[in-house]
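One structure is given below, encoded as structure tokens.
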Amino acid sequence: MIKGIIIVNNSGKPRLVKFYQNVFGEERQQSVIRRVFQQVSTRSDSFCNYLEGSIPEWGDNIKLIYRHYATLYFVFVEALDKQFENAINDQERMHKQSIKNATAGKSDSVDAISTKLGASRSAW
């Protein structure tokens, strides 16, 4: 989920700010902008444009995707929802279970065929 989009200049002055998750109060909004700017402006331009950061108003698992063009930083702040993360884990668990069931089903069918043919599985 995108928490916000922030465009700031090289000195940290916001040029465009859009919060998609509420940050109440102008002082708290300025604090978020300041923290984001501090985290991205200290990195070299040769580094990757993806950064895991921490912004107390939004939590610890915050991803900052940014790009530095001339005098502006374009920053997308996002975080995975716990519900989305739980849904992915549930899907993984169901997929593993279906593979396990399919494998068990094949082994049962081999046993059934070998019993009908009068051979043991070890003979296969």
Side-chain angles (χ1 to χ4, degrees):
M1 166 201 287
I2 295 178
K3 304 280 188 178
I5 299 172
I6 301 170
I7 300 175
V8 293
N9 68 10
N10 286 343
S11 60
K13 184 175 181 180
R15 296 301 180 187
L16 176 75
V17 177
K18 176 67 178 169
F19 293 115
Y20 294 102
Q21 183 177 9
N22 289 335
V23 179
F24 296 107
E26 188 176 329
E27 188 175 306
R28 291 185 77 196
Q29 290 177 356
Q30 289 177 356
S31 174
V32 168
I33 294 166
R34 197 175 314 112
R35 283 191 179 98
V36 168
F37 177 71
Q38 287 172 348
Q39 290 180 40
V40 298
S41 66
T42 57
R43 292 173 57 93
S44 168
D45 286 339
S46 63
F47 286 166
C48 156
N49 294 338
Y50 175 83
L51 170 67
E52 291 192 19
S54 172
I55 299 172
E57 288 80 2
W58 288 328
D60 291 331
N61 276 341
I62 299 297
K63 278 69 171 170
L64 302 173
I65 298 102
Y66 70 96
R67 188 70 182 165
H68 184 210
Y69 291 109
T71 61
L72 295 175
Y73 286 93
F74 294 81
V75 184
F76 293 89
V77 183
E78 69 173 19
L80 282 180
D81 281 347
K82 290 294 179 190
Q83 292 174 347
F84 179 71
E85 196 172 309
N86 290 341
I88 290 174
N89 291 338
D90 290 344
Q91 283 183 334
E92 276 184 26
R93 193 169 1 101
M94 290 189 321
H95 179 69
K96 288 178 183 177
Q97 186 63 37
S98 67
I99 290 174
K100 186 177 179 181
N101 291 343
T103 306
K106 288 180 182 177
S107 131
D108 291 342
S109 62
V110 168
D111 287 340
I113 292 171
S114 64
T115 304
K116 286 181 180 178
L117 294 175
S120 69
R121 264 185 93 184
S122 60
W124 286 72

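All residue numbers refer to positions in the sequence shown, counting from 1.
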side-chain hydrogen bond (donor to acceptor under 3.5 Å, both in side chains) between N10 and H68, worked out: CA-CA 9 Å; N10 286 343; H68 184 210; 2.9 Å; yes
What about F37 and L51, same hydrophobic cluster or not, with Ile/Leu/Val/Met/Phe/Trp/Tyr joined at side-chain heavy-atom distances under 4.5 Å? yes
What verdict does the side chain to side chain contact (heavy atoms under 4.5 Å, CB included) test give for Q29 and V17, after you've listed the backbone C-alpha separation in whole Å, the side-chain angles of each residue and the deciding distance to 0.1 Å? CA-CA 9 Å; Q29 290 177 356; V17 177; over 6 Å; no
I need the [X] [atom1] to [Y] [atom2] distance, nearest 0.5 Å.
X: R35; Y: I62; atom1: CZ; atom2: CD1; value: 11.5 Å
X: L72; Y: I6; atom1: CG; atom2: CD1; value: 13.5 Å
X: N49; Y: F76; atom1: CG; atom2: CZ; value: 12.0 Å
X: K3; Y: L64; atom1: NZ; atom2: CG; value: 12.0 Å
X: Y50; Y: E78; atom1: OH; atom2: CD; value: 7.0 Å

Minimum-distance pair of heavy atoms, taken over all atoms of R43 and C48: NH2-O, 2.9 Å
Shortest non-hydrogen contact between N9 and Y73, atoms and distance: O-CD1, 4.1 Å
Would you verify whether the NZ or CZ of R67 falls within 45 degrees of the ring axis of Y69 while also being under 6.0 Å from that six-membered ring's centre? yes
Does the N22 side chain pair with the main chain of F24, one donor and one acceptor, at a distance under 3.5 Å? no
Is a donor on one side and an acceptor on the other found under 3.5 Å between the side chain of S31 and the backbone of E27? no
From the list V75, V8, V77, side-chain contact (heavy atoms from CB on, under 4.5 Å) partner of Y66 resolves to V75
Let me see the working for W58 and Y20 under ring-ring contact (aromatic ring centres under 6.0 Å, His included), right down to the final yes or no. CA-CA 11 Å; W58 288 328; Y20 294 102; 9.8 Å; no
Could you check whether any side-chain heavy atom of I33 comes within less than 4.5 Å of a side-chain heavy atom of F19, counting everything from C-beta outward? yes
